[in-house]
Amino acid sequence: MSRIVVAVAGDSISAGSPLWDPDPAVRARIPAPDERCQWQWSAARADPRLEFRTTAVYGERTEEIARRLDLVLEGADVLVVQGGINDVVQRRPVEEAAANIEAMLERGRAAGLVIAVTDVLPWNNGDKRTAADIERLNALIRQIAAPLLPFHDTLADPVDPTRMGDGLTVDGDHPSVEGHRLLGELAFRLPPLDV
């Protein structure tokens, strides 16, 4: 069985906040850490070939995520870029966020990696402005020439798609363990690889 190294660059969603963090120093401050609170854990359980390298920091916007990209690229086969909600929360132009995401994917492509991008999750603690910005940003992300991992639709409430469904968020901002399980098992679809 060939190992597939997946580099993940993202924000608190990929970090597993608030119940997990890839940084041991941050994780030491979590009262009861739960490694299942990261979509990568569920994806690796579903496909044991996968080895994840994650650089993800709570609260970071897309240009900040881009500054850490080189931490995970070396030796990777795949790059997954996840981010954008903090740009929306901090009222940054969604066009800039989409451009930052696309630039990270291009860096991965230039390094010879298979690339994929996630869209932005619904935000239960948001308002009409943030819901509209998430919708606009996701439309821009769908235009990027990269396979899309449908995080938004996987967790969207069927009645109100601007919110994550019942039991799928731990705090209104981040997925619950069940939400991460669905993202890892259903939304994460590895792009074709010649390995």
Side-chain angles (χ1 to χ4, degrees), residues 8-23 26 29-32 34 36-40 42 54-68 80-105 116-144 146 148-188:
V8 178
D11 56 30
S12 59
I13 304 303
S14 288
S17 297
L19 302 177
W20 189 257
D21 197 278
D23 182 336
V26 175
R29 296 191 301 265
I30 298 171
D34 188 341
R36 298 172 305 151
C37 200
Q38 51 180 323
W39 62 265
Q40 302 93 312
S42 291
T54 301
T55 179
V57 175
Y58 182 94
E60 284 199 342
R61 296 182 310 269
T62 52
E63 83 275 6
E64 295 169 311
I65 295 167
R67 291 186 200 130
R68 291 181 289 98
V80 175
V81 175
Q82 175 275 313
I85 187 61
N86 295 308
D87 300 74
V88 169
V89 172
Q90 297 174 35
R91 298 179 178 268
R92 306 289 292 216
V94 296
E95 296 78 12
E96 288 179 16
N100 292 334
I101 290 167
E102 187 170 25
M104 284 186 270
L105 291 164
V117 63
T118 77
D119 52 7
V120 177
L121 291 174
W123 186 33
N124 295 35
N125 293 328
D127 55 22
K128 288 182 180 178
R129 192 254 334 150
T130 57
D133 283 354
I134 289 168
E135 185 176 341
R136 282 186 25 244
L137 178 53
N138 282 343
L140 293 169
I141 289 171
R142 284 191 291 276
Q143 294 174 16
I144 296 172
L148 177 71
L149 306 180
F151 277 24
H152 184 280
D153 290 351
T154 300
L155 298 190
D157 185 283
V159 175
D160 180 1
T162 66
R163 302 175 51 78
M164 286 183 259
D166 288 344
L168 300 181
T169 178
V170 68
D171 57 4
D173 298 333
H174 304 95
S176 62
V177 169
E178 176 63 9
H180 278 288
R181 184 189 69 75
L182 293 174
L183 293 178
E185 292 179 2
L186 300 179
F188 179 76

Say whether, by atom type as modelled, one donor and one acceptor occur between the side chain of [X] and the main chain of [Y] under 3.5 angstrom.
{"X": "Thr169", "Y": "Pro175", "answer": "no"}
{"X": "Arg36", "Y": "Glu178", "answer": "no"}
{"X": "Asp171", "Y": "Asn125", "answer": "no"}
{"X": "Ser12", "Y": "Ala15", "answer": "no"}
{"X": "Asp87", "Y": "Arg92", "answer": "no"}
{"X": "Glu64", "Y": "Asp11", "answer": "no"}
{"X": "Thr130", "Y": "Asp127", "answer": "yes"}
{"X": "Asp119", "Y": "Phe151", "answer": "yes"}

Looking at [atom1] of [X] and [atom2] of [Y], how far apart are the two atoms once the value is rounded to the nearest 0.5 Å?
{"X": "Ser176", "Y": "Leu155", "atom1": "OG", "atom2": "CG", "answer": "8.0 Å"}
{"X": "Met104", "Y": "Thr62", "atom1": "CE", "atom2": "OG1", "answer": "5.5 Å"}
{"X": "Trp123", "Y": "Asp133", "atom1": "CH2", "atom2": "CG", "answer": "10.5 Å"}
{"X": "His174", "Y": "Tyr58", "atom1": "NE2", "atom2": "OH", "answer": "5.0 Å"}
{"X": "Trp39", "Y": "Gln82", "atom1": "CH2", "atom2": "CD", "answer": "8.0 Å"}
{"X": "Ile13", "Y": "Leu121", "atom1": "CD1", "atom2": "CG", "answer": "5.0 Å"}

Smallest separation among heavy atoms of [X] and [Y], with atom names:
{"X": "Ala187", "Y": "Thr154", "value": "CB-OG1, 3.4 Å"}
{"X": "Val170", "Y": "Pro18", "value": "CG1-CD, 3.3 Å"}
{"X": "Cys37", "Y": "Leu19", "value": "CB-CB, 3.7 Å"}
{"X": "Asp160", "Y": "Thr162", "value": "OD1-OG1, 2.6 Å"}
{"X": "Ser14", "Y": "Thr54", "value": "O-CG2, 3.8 Å"}

Test Val117 against Leu148 for side chain to side chain contact (heavy atoms under 4.5 Å, CB included), laying out the working first. CA-CA 5 Å; Val117 63; Leu148 177 71; 4.2 Å; yes
List for me each residue that meets side-chain hydrogen bond (donor to acceptor under 3.5 Å, both in side chains) alongside Thr118, sequence neighbours excluded, and say none if there are none. none
Would you say Arg129 has more than 12 foreign heavy atoms packed within less than 6.0 Å of its CZ? yes
Verify the neighbour count for atom CD of Glu63: are there more than 12 heavy atoms of other residues, nucleotides or ligands below 6.0 Å? yes
Please determine whether a side-chain nitrogen of the Lys or Arg among Arg61 and Glu96 lies less than 4.0 Å from a carboxylate oxygen of the Asp or Glu. no
Derivation of the side chain to side chain contact (heavy atoms under 4.5 Å, CB included) call for Ile65 and Arg68: CA-CA 6 Å; Ile65 295 167; Arg68 291 181 289 98; 3.7 Å; yes
Which is it for Gln40 and Val80 under the side chain to side chain contact (heavy atoms under 4.5 Å, CB included) test, yes or no, and what are the steps along the way? CA-CA 11 Å; Gln40 302 93 312; Val80 175; over 6 Å; no
Do the non-hydrogen side-chain atoms of Leu140 and Arg136 ever get within less than 4.5 Å of each other? no
